[in-house]
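What follows is a set of notes on a single structure, which appears directly below.
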Amino acid sequence: MNGRRRSPASRWGTADIAVAPIPRREGERPRRPGGRGDPAPGRRTLVGYLLVPRPGDAVKGLLMPVVFGLGALAAGMPDRDAVLRAAVVWVALELLVYPARYQWNDVRGFVADQLHPGGKDRGRLPGPLERGRRHVTASCLVALARLAAVAGLALLLPDLRLGGVLATVTAAVFGIAVVYEALRAGGTGRTGRVPSPPRPGVVALWVVVGAGYVVRGMAGLAMAVDLGGHRAAAVAAGVALWAFGIAFATSRWALEATAFARVDGGRLVWTARAEQAREHLLGLVRWLPSRTAERDPANWAALRGRTAPTAPWNVALVVAGAAAASAGRLLTGPAPAAHVVVVAVVGGVAAAGSGLVPRGRAAVVLAGAAVLVAALLLTGAPRPLPAVLPWLAVMLAHLVFSGGRLATIGRPARHVRSAAAAVLTPVARAAIGRATWDAVLGTEGRGPR
């Protein structure tokens, strides 16, 4: 039975939201075509998952090289050895450390992921539940092998002095992961209400999720800049990266929440269960519009229009804009505190403007960049163009993710996945043998290929 629930009129709430509750049945499992134990059509194979655990998250791998480049442009180009070290750390972080972290997350969320309405398109550890023991064991072993390979890199390339860097980024990634997983375990899986209540654990998840972006970005900045000589710039960059991570993650989670919606007469109707453990997504629904002209929520660009200034992604974007403008100014040379404050205010106000003006956002961003350059010139910045680049990078990323849809999340990453598979598949098949490869994929006895 469909019902309509009005969200509380408070600083958390927005619109009148239609909710279709689902009765919980004891022992119920997701329906799968193809019979017991068979993966649904289009679902990833276990081997494909183990090669590239989260193809939809490949875009995050651009953060470290982008920040490295911005730091190099602002503070001076590093030497060849620094570039090589950065490249190796990037490979280790994106192909070994973070995939292992994703695998741990997917193991912990394996049951909830099988209940997700868009499970087969999300790139998580494949099911079905009946194969959980085999798939979970395989994923854990591969994750441990990836972490062992990180240590192996440091031993194989002693001249690059990677041991301390790789140990630090690995410890940081998994330290944040421990906090995130504890918050998620305690803050989700309690209710199927839409929007879910903004409990402290859920709000903490929205904040903690940004910490991983600090690790990626600061790893790149540390490879390009002596952070000890740019402490204020490092602090500003860390704040900018954290806030950017919150803005990116919460806006993406808001889009992912639309997997739990359908459109009825132009109004969004939401359905969820407590055991799906998606309160951190569904809590963001309160800041989305309650109506859409799209028939399929997956094709709805929910953030393209104006959303409430209090939405987490909008608040975080303002903080990221202010901090990125400050970091850019400090990386190009010392500056009086008053000048940094002026630049931060201009960067924050210009970032807020792009959120308040849904149409013509690109023009607003360009105008904001021009105003920021003028502020940098007026405050005596030695190199205003490199100084404005961190702010501009944050805002260009905002233009991209604010126009996204559920159906397009991770689509560019599919090309990366295909390229990686084209390279890695022949190597893996040769290493384990064709017969074993076919057995793992379940293609034995299907005739010649």
Side-chain angles (χ1 to χ4, degrees), residues 1-7 13-23 28 30-34 39-44 55-57 59 112-124 192-196 248-273 276-308 311-314 355 357-362 398-415:
M1 180 178 70
N2 288 352
R4 187 170 294 173
R5 181 176 298 139
R6 186 174 295 275
S7 57
T14 59
D16 169 32
I17 297 176
V19 181
I22 301 178
E28 184 179 20
R31 286 178 282 180
R32 296 178 299 274
R43 190 179 294 273
R44 299 186 70 194
D57 285 343
V59 67
D113 286 336
Q114 303 310 303
L115 298 171
H116 194 285
K120 73 182 182 64
D121 299 319
R122 301 177 65 245
R124 302 302 197 262
R193 284 178 54 193
V194 182
S196 57
F248 178 88
T250 56
S251 61
R252 179 164 174 167
W253 283 351
L255 293 178
E256 290 181 357
T258 60
F260 296 84
R262 60 181 174 84
V263 178
D264 184 4
R267 178 171 292 278
L268 291 157
V269 180
W270 302 86
T271 58
R273 294 176 181 163
Q276 290 170 320
R278 290 297 183 273
E279 286 95 321
H280 56 305
L281 277 65
L282 296 170
L284 297 166
V285 166
R286 58 180 29 88
W287 288 289
L288 295 181
S290 59
R291 302 186 67 89
T292 177
E294 294 287 345
R295 294 183 178 181
D296 183 357
N299 295 322
W300 179 37
L303 305 180
R304 181 168 291 172
R306 183 182 290 112
T307 53
W313 50 87
N314 288 331
V357 183
R359 293 187 178 181
R361 275 184 177 151
H398 165 66
L399 288 179
V400 173
F401 63 68
S402 65
R405 300 173 172 85
L406 178 62
T408 61
I409 287 178
R411 181 167 291 177
R414 293 177 188 175
H415 300 294

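Hydrogens, waters and symmetry mates are skipped; everything else that's a heavy atom, side chains included, is used. For the single chain, residues carry numbers from 1 onward in sequence order.
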Look up atom CG in L255 and atom CG in L406, then write down how far apart they are to the nearest 0.5 Å. 7.0 Å

What are the two closest non-hydrogen atoms of H280 and A277, and how far apart are they? CE1-O, 3.6 Å

Which heavy atom of W287 sits nearest a heavy atom of A308, and at what distance? CD1-CB, 3.7 Å

Residue pair Q276 / F260, side-chain heavy-atom distance below 4.5 Å: yes

Contact summary for P195 and G283, nearest pair of heavy atoms: CB-O, 4.3 Å

Which heavy atom of P289 sits nearest to which heavy atom of A302, and what is that distance? CD-O, 3.9 Å

Listed by chain and number, what are the side chain to side chain contact (heavy atoms under 4.5 Å, CB included) partners of R304, not counting sequence neighbours? A301, R405

Look up atom CD in E279 and atom CG in L284, then write down how far apart they are to the nearest 0.5 Å. 12.0 Å

Return the set of residues passing side chain to side chain contact (heavy atoms under 4.5 Å, CB included) with A257 (not counting sequence neighbours), or none when no residue passes. W270, L281, L282, V285

OG1 (T307) and CG (N314) are apart, to the nearest 0.5 Å, by 4.0 Å

Give the minimum heavy-atom separation between R361 and G305, together with the two atoms involved. NH2-O, 3.3 Å

What residues form a side chain to side chain contact (heavy atoms under 4.5 Å, CB included) with S251, not counting sequence neighbours? L303, W313, F401

For T292, all residues meeting side chain to side chain contact (heavy atoms under 4.5 Å, CB included), sequence neighbours excluded: V263, L268, E294, W300

Can any side-chain N or O of R278 pair as donor or acceptor with the backbone N or O of G192 at less than 3.5 Å? no

Salt bridge or not for D57 and R252, using N-O below 4.0 Å? yes

